[in-house]
Amino acid sequence: MSEQPQQLVAPIGTHDVLPDTSRAWERVVGLFSTMAHQWGFGLVLTPVFEDVAVFNRGIGEKSDVARKEMYVFEDRGGRTYALRPEGTASVVRAFVQHHPTTPWKAWYVTPAFRYERPQAGRYRQHHQLGVEVLGTEDPLVDVEVIALAWRFYEALGLKRVSLIINSMGHAECRGAFVTQLRTHLETNETSLCDEHAKLWSNNPLRVIDCKKDECRGVIDAGPSIADALCEPCAEHFAAVAEGLTDIGVPWERNTRLVRGFDYYTRTTFEFVSDALDGAQNAVGGGGRYDQLAQDLGGDPTAGVGFGSGIERLLLALEAESVEGYQTLCDSSVDVFVVDMTGGLQAHLLCDELRRAGVAVDRAYDGRSMKSQLKAADRSGATVALLVGPQELEVGAITIRDLRATSDGDRQRQIARQNVVEEVLRTMEMSKNA
RNA sequence: GUGGGCGUAGCUCAGCUGGUUAGAGCGCCGCGCUGUGGCCGCGGAGGUCACGGGUUCAAGUCCCGCCGUCCACCCCA
């Protein structure tokens, strides 16, 4: 490897996921896939890159993500594309393009790209899974979307996640609120933090979730979005809150919750884990976006969805329980075949057992028995099958319990033709033990 | 985009105010045990000290640059 002029490595802010942890990824995505299906969602796959307009019009050209974090590039035909920075805009673009019947319930899992300085729980390529529902304003759909996320976290074993909800109102009542807010910020401009004293007018809503004491003081004394909601928006919010309570999903209202994308209307929510410290404690979030389809050139169509970062989920899982996380990563097979006759027997046994649905591995290259058993140990298998000249001669297989602590019942010989049956029985026994 | 810490074996790290052949633990391979893993003992392989310059008789150690990484701000998943 010293032949190469320089070592090639994964780009800054990106990571390879190798088999020592990828099993956890499989399980997280597998669980979500199963649950999404149970909730009535269908998988939607869209390209990782889109016309840059999809994201500019979608998440808002003024948003930080669109302004300075997108991977924008020109292809050989001179088209301007961007790597997807989040999941929603593409799904809504697909909805607008294909006119499916509504309500349209889509789930997705996708990489997302943002050009940021990497940090704990923040990467240039991260992965999100989530859902979107297009074509209904029913507040119980908001509840269903939030509940799916909540039950998913629950099923993963996350215990330290809490749900924060808020409403941004629709275009009109939010507009009225922003006007009030502007007036308030203007009169208190000198009391804001250094940064926002100058920049508040660009995006007044940003000031609301500023963490500096100065801004907090001004915001606390100012207008609240809760009071600015029109009657229908207030009712919608109340229905969402009630729907959550009906099914026992605990929530907390925070009128300071303002999310980064401009497309949100009415319901917004975020799931934060107190097991994650620092600013990267959000494991998921989302909201309603009743204008988005229209912004992307479609008919006015209401929508709501959530996205969750897989890396953040894994980080939270590990922070809550290192043991639990390791279990999630475990990629043990059931059986390991040790062959001292040259390899043909292992070849045949593996095929037979795998066809019976058993997870089997073996060693190669005719290694020593000691070395093969060592590999068996490392494979995490509960059972080893041993076949050598002695077994071959009498048509038998030695079946060894790799978990047994006493020498007595550690291993026994069985007839070659009963292998599958015996293995399945032994696995069943060790499962019950 | 701004600011800090850190780059030594596959991994985690030690290496004093520069001073001969660069260390440990884990992991890996082998042997003790020629057909029996985990535990133990012994041995072995594996490093142009991220990279490029500079200072010096002498640089892993000091200086500059560069790349990477971690962390904070910002923002978000």
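Protein chains get the first letters and strands the later ones, always in sequence-line order, with residue 1 at the start of each.
- Using a 4.0 Å heavy-atom distance criterion, A:Gly380 is classed as making no nucleic acid contact.
- Between the side chain of A:Arg400 and the base of B:G37 there is at least one donor-acceptor pair of N/O atoms closer than 3.5 Å.
- Looking at heavy-atom distances under 4.0 Å, A:Ala376 makes no contact with the nucleic acid at all.
- Between B:A14 and B:A72, the two C1' atoms lie 28 Å apart (nearest whole Å).
- If you check every strand for non-hydrogen atoms under 4.0 Å, A:Glu391 touches a base.
- Atom name P, nucleotides B:C62 and B:U17: the rounded distance is 9 Å, in whole Å.
- Residue side chain A:Asp377 reaches the base of B:G37 through a donor-acceptor N/O pair under 3.5 Å, judged by distance alone.
- Using P as the reference atom, B:A50 and B:G60 are 10 Å apart when rounded to the nearest Å.
- Between A:Gln119 and B:A72 there is a side-chain polar atom (N or O) within less than 4.0 angstrom of OP1 or OP2.
- For A:Arg403 and B:G37, the shortest distance from a side-chain N or O to OP1 or OP2 is not below 4.0 Å.
- Two residues are said to be in side-chain contact when any heavy atoms from C-beta on lie closer than 4.5 Å; A:Leu129 and A:Phe152 meet this criterion.
- Mapping A:Ala375 and A:Gly307 onto RNA chain B by nearest heavy atom places A:Ala375 closer to the 5' end of the strand.
- Between A:Tyr289 and A:Tyr264, the distance from one ring center to the other does not fall under 6.0 angstrom.
- If you find the closest nucleotide of RNA chain B to A:Val387 and to A:Arg117, the one lying nearer the 5' end belongs to A:Arg117.
- Between A:Lys370 and B:G37, a side-chain N or O to OP1/OP2 separation shorter than 4.0 Å is present.
- Aromatic pair A:His127/A:Trp25: ring centres closer than 6.0 Å.
- A donor N or O paired with an acceptor N or O is not found under 3.5 Å between the base of B:G35 and the side-chain atoms of A:Gln372.
- Atoms CG (A:Leu18) and P (B:G27) sit 20 Å apart, rounded to a whole Å.
- Between the P atom of B:C75 and the CZ atom of A:Arg206 lies a distance of 6 Å, rounded to the nearest Å.
- For the 3.5 Å distance criterion, the side chains of A:Thr268 and A:Asn166 fail to qualify, holding no donor opposite an acceptor.
- Remark: P of B:C70 and CZ of A:Arg124 are 11 Å apart, rounded to the nearest angstrom.
- For A:Gln280, taking side-chain heavy atoms from C-beta onward, the closest of the listed nucleotides B:C70, B:C75, B:A77 is B:C75.
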Margin query: Show, in sequence, the C-alpha distance, side-chain angles and deciding distance for A:Phe113 and A:Tyr115, and conclude whether the ring pair (Phe, Tyr, Trp, His ring centres under 6.0 Å) test is met.
Written below: CA-CA 7 Å; A:Phe113 305 86; A:Tyr115 193 86; over 10 Å; no

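- Taking atom CD of A:Glu116 as the reference point, atom C1' of B:C73 lies 12 Å away to the nearest angstrom.
- Proximity of A:Ile225 to A:Ser167: side-chain heavy atoms (C-beta onward) are nowhere separated by under 4.5 Å.
- Taking atom CG on A:Leu315 and atom C1' on B:C71, their separation rounds to 14 Å, with Å as the unit.
- For A:Met369, whose side chain is taken as the heavy atoms from C-beta onward, the closest listed nucleotide among B:U36, B:C74, B:C75 is B:U36.
- Atom pair A:Asp20:CG and B:G10:P shows a separation of 16 Å (rounding to whole Å applied).
- Remark: C1' of B:C70 and NE2 of A:His15 are 10 Å apart, rounded to the nearest angstrom.
- Here, B:A77 and B:C13 have their P atoms 31 Å apart, quoted to the whole Å.
- The nucleotide B:G68 finds its pairing partner in B:C6, both defining distances of the Watson-Crick or G-U wobble pair being shorter than 3.5 Å.
- Residue A:Ile208 contributes atom CD1, which lies 17 Å from atom P of B:C74 at whole-angstrom precision.
- When heavy atoms are screened at a 4.0 angstrom cut-off, A:Lys374 is found touching the sugar-phosphate backbone but no base atom.
- Spacing between B:G18 and B:C29 at atom C1', rounded to whole Å, works out to 37 Å.
- When both distances must be under 3.5 Å, the Watson-Crick or G-U wobble mate of B:A14 does not exist.
- Taking OH of A:Tyr81 as the reference point, atom CZ of A:Phe55 lies at 11.5 Å (rounded to 0.5 Å).
- Taking atom P on both nucleotides, B:C26 is separated from B:C66 by 40 Å, rounded to a whole Å.
- Taking atom P on both B:C11 and B:C70, the two are 14 Å apart, rounded to the nearest angstrom.
- Side-chain proximity of A:Gln411 to B:U36, B:C71, B:G30: nearest is B:U36.
- Of the candidate nucleotides B:A77, B:C29, B:G35, B:G35 has the atom lying nearest to any side-chain atom of A:Gln390.
- The side chain of A:Arg259 contributes an N or O atom lying less than 4.0 Å from OP1 or OP2 of B:A77.
- Nucleotide B:C33 forms no Watson-Crick or G-U wobble pair with any nucleotide shown, as no partner meets the under 3.5 Å limit on both distances.
- Pairing partner, B:G1: B:C73, with both Watson-Crick or wobble hydrogen-bond distances short of 3.5 Å.
- At a cut-off of 3.5 angstrom, counting only N and O atoms as typed in the model, there is a donor on one side and an acceptor on the other between the side-chain of A:Arg122 and the base of B:C74.
- Remark: the backbone N or O of A:Leu315 is not paired with any side-chain donor or acceptor of A:Glu318 at under 3.5 angstrom.
- In the set B:G68, B:G37, B:C71, B:G68 carries the atom at the smallest distance from any side-chain atom of A:Ile12.
- Note on A:Leu313: nothing from the nucleic acid sits closer than 4.0 angstrom, heavy atoms only.
- For the C1' atoms, the distance linking B:G41 with B:G54 amounts to 50 Å, nearest Å.
- Residue A:Leu386 holds its CG atom at 13.0 Å from CD of A:Gln345, rounded to the nearest 0.5 Å.
- The base of B:C74 is not paired with the side chain of A:Glu69 by any donor and acceptor separated by under 3.5 Å.
- If you check every strand for non-hydrogen atoms under 4.0 Å, A:Phe261 touches sugar and phosphate atoms only.
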